[in-house]
*Asks:* 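Have a look at this one.
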2 protein chains.
Amino acid sequence: MRLSKRGEYGLRAMIVLAEPVEKNAMPVVQIKEIALREQISPKFLEQILLALKNAGLLHSKMGVGGGYYLARSSSEITLGQIFRVLDGPVAPIKCVSQMAYEPCGCPDEQTCGLRLVMGDVRNAIADILDNTSLADVTKRQVSVRKKLGIK
Amino acid sequence: MRLSKRGEYGLRAMIVLAEPVEKNAMPVVQIKEIALREQISPKFLEQILLALKNAGLLHSKMGVGGGYYLARSSSEITLGQIFRVLDGPVAPIKCVSQMAYEPCGCPDEQTCGLRLVMGDVRNAIADILDNTSLADVTKRQVSVRKKLGIK
DNA sequence: TATAAAACCTATTGTTTTAGTAGTCTTTTC
DNA sequence: GAAAAGACTACTAAAACAATAGGTTTTATA
């Protein structure tokens, strides 16, 4: 039940891009800056951000002083959207996937016990990922920092 | 976020083994019988059942008329136990694993937004898997069958 | 007591996925 | 027009996955 490095890095990068920008800062962030901050290979991250851009979650600016920025407000982008672009369906088994259903080959799908439980698991994961926006994540980070006495 | 075939087949097999035995039926079930019912390669299933046996979830009887049976009552074996034997930790990322923690390499683990959310995901999955026993699964199957007008 | 049926165990193999590297092309600013 | 940035495509090494293969041991029973 593993998140891939691709998914991990992509989610990390999106969280960085969702951070409230300081005064006078550029609205766009460059690949190499994110890569440096999050300790990710810049070329690998490039592919990931490109995929997120082609999926419509990011916009970019080419050329000198260019970089990436969120395509929508951070409260309108969910972790579920990001996850699905990078790692595919959330469901642990194809036959319970809402977005990419396929039969899983069990004798009788309707009464398959495994399917019933995995359906619950899928819903539990999707509930979290689809109802958590990037803004929710940054809000939570802020409150954790406050609790720990700023930083 | 995928369940492996190994995990899928193992869980299926355990559910079969948890089914209430008919009168006069042998208390043990053979690999090939399960393989046939669930459409699994018998040799692959053999490895899986062996792993479950070595983990203490199954017992076996060798020789003619042998086979496998649950090591404990079906209400005392959870899907979480089976899953972990076959697919490893439930957590989507190592740094939120309760059973097999490892740092994940983010700059600051305490305030890592991804880690906060993935912790929730881990807990949601573990809540289901660790609180669902094989007996719960078979009970649920029965009630689904009843609802659909027996079968 | 020989035979066949069953689990036990280990090694090997082919395929797919993963995680990354490399290199060229295009756009933009100065 | 040079440099800085993203866009795109191809490739590759290593690991994981899904089996397959084949011999060993145990046990019931004919």
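Chain A is the first sequence line, chain B the second, and so forth, proteins listed ahead of strands; every chain is numbered from 1.
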*Asks:* If you link I, L, V, M, F, W and Y whenever their side-chain heavy atoms are under 4.5 Å apart, who else ends up in the same group as B:Met99?
*Replies:*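 Reading the cluster by chain and number, B:Met99 sits alone, since nothing else belongs.
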*Asks:* Okay, side chain of B:Asp127, backbone of B:Ala124: is any donor-acceptor separation there less than 3.5 Å?
*Replies:*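 Here the side-chain-to-backbone pair does not exist.
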*Asks:* Dump every N/O contact between nucleotides 9-17 of chain D and the protein below 3.5 Å, one line per pair.
*Replies:*
unit_1, atom_1, unit_2, atom_2, d
D:dA10, N6, A:Gln47, NE2, 3.3

*Asks:* Any salt bridge linking B:Asp108 with A:Arg145? Criterion: basic side-chain nitrogen under 4.0 Å from a carboxylate oxygen.
*Replies:*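 Looking at B:Asp108 and A:Arg145, the cut-off is not met.
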*Asks:* With the sugar-phosphate defined as primed atoms, P, OP1 and OP2, and the base as all remaining atoms, what B/S/- string results for nucleotides 24-30 of chain C, 5' to 3', for protein heavy atoms under 4.0 Å?
*Replies:* --BBBB-
*Asks:* In whole Å, what is the span from the CZ atom of B:Arg2 to the P atom of C:dT16?
*Replies:*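 Rounding to the nearest Å, CZ of B:Arg2 and P of C:dT16 are 16 Å apart.
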*Asks:* Is the phosphate of C:dC8, meaning OP1 or OP2, less than 4.0 Å from a side-chain N or O of B:Tyr68?
*Replies:*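 So the side chain of B:Tyr68 is within the cut-off, an N or O lying under 4.0 Å from OP1 or OP2 of C:dC8.
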*Asks:* Do A:Ile82 and B:Leu116 share a hydrophobic cluster, counting only Ile, Leu, Val, Met, Phe, Trp and Tyr and linking them when any side-chain heavy atoms are less than 4.5 Å apart?
*Replies:*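 Each belongs to a different hydrophobic cluster.
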*Asks:* Pick base, sugar-phosphate or nothing for B:Ile31, based on heavy-atom distances below 4.0 Å to the nucleic acid.
*Replies:*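 Sugar-phosphate, backbone atoms only, no base.
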*Asks:* What is the separation between atom CG on A:Leu3 and atom C1' on C:dT18, rounded to the nearest whole Å?
*Replies:*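 From A:Leu3 CG to C:dT18 C1': 13 Å.
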*Asks:* What is the distance, to the nearest angstrom, from the OH atom on A:Tyr69 to the C1' atom on D:dA5?
*Replies:*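 So the OH-C1' distance, A:Tyr69 to D:dA5, works out to 14 Å.
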*Asks:* C:dA7, OP1 or OP2 - any side-chain N/O from B:Lys53 closer than 4.0 Å?
*Replies:*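 Answer no for this pair, as no side-chain N or O of B:Lys53 is under 4.0 Å from OP1 or OP2.
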*Asks:* Calculate the interatomic distance between B:Phe44 atom CZ and D:dG22 atom C1'; express it in whole Å.
*Replies:*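 Computing the B:Phe44:CZ to D:dG22:C1' distance gives 18 Å.
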*Asks:* Is any side-chain N or O of B:Tyr9 closer than 4.0 Å to OP1 or OP2 of D:dA18?
*Replies:*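 Checking D:dA18 against B:Tyr9, no side-chain N or O comes under 4.0 Å of OP1 or OP2.
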*Asks:* Within the structure, does a side-chain N or O atom of A:Ser60 lie under 4.0 Å from either OP1 or OP2 of D:dA5?
*Replies:*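 No.
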*Asks:* Could you pull out all residues at least two apart from B:Ser73 that satisfy side chain to side chain contact (heavy atoms under 4.5 Å, CB included)?
*Replies:*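 Testing B:Ser73 for side chain to side chain contact (heavy atoms under 4.5 Å, CB included), a comparison that skips the adjacent residues, returns B:Ser75, B:Glu76.
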*Asks:* For the pair made of NZ in A:Lys32 and P in D:dG6, what is the distance, rounded to whole Å?
*Replies:*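 Rounded to whole Å, this separation is 8 Å.
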*Asks:* Starting at CE of B:Met118, measure out to CG of A:Leu79 and round the result to the nearest 0.5 Å.
*Replies:*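 So the CE of B:Met118 and the CG of A:Leu79 are separated by 6.5 Å.
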*Asks:* Counting only non-hydrogen atoms, which of residues 91-108 of chain B are less than 4.0 Å from DNA chain D?
*Replies:*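 Contacting residues: none.
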*Asks:* Taking the basic N atoms (NZ, or NE/NH1/NH2) and the acidic carboxylate oxygens, is any pair closer than 4.0 Å for A:Glu8 and A:Arg12?
*Replies:*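 Counted as a salt bridge, because a side-chain N and a carboxylate O are separated by less than 4.0 Å.
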*Asks:* Measure the OG-CG distance between A:Ser60 and A:Asn54 for me, rounded to the nearest 0.5 Å.
*Replies:*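 Separation between the atoms: 9.0 Å.
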*Asks:* Go through the structure and list residues passing ring-ring contact (aromatic ring centres under 6.0 Å, His included) with A:Tyr101, not counting sequence neighbours.
*Replies:*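 For A:Tyr101 there are no ring-ring contact (aromatic ring centres under 6.0 Å, His included) partners, ignoring immediate neighbours.
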*Asks:* Flag yes if A:Leu70 and A:Val16 sit in one hydrophobic cluster, no otherwise; membership is Ile, Leu, Val, Met, Phe, Trp, Tyr, and two members link when side-chain heavy atoms are under 4.5 Å apart.
*Replies:*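 A:Leu70 clusters together with A:Val16.
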*Asks:* Is the backbone of A:Leu3 close enough, under 3.5 Å, to the side chain of A:Asp87 for a donor and an acceptor to pair up by distance?
*Replies:*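 Looks like no, no N/O pair under 3.5 Å.
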*Asks:* Considering just the side-chain nitrogens and oxygens of A:Asn54, establish if one lies under 4.0 Å of OP1 or OP2 belonging to D:dC8.
*Replies:*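 Result: yes.
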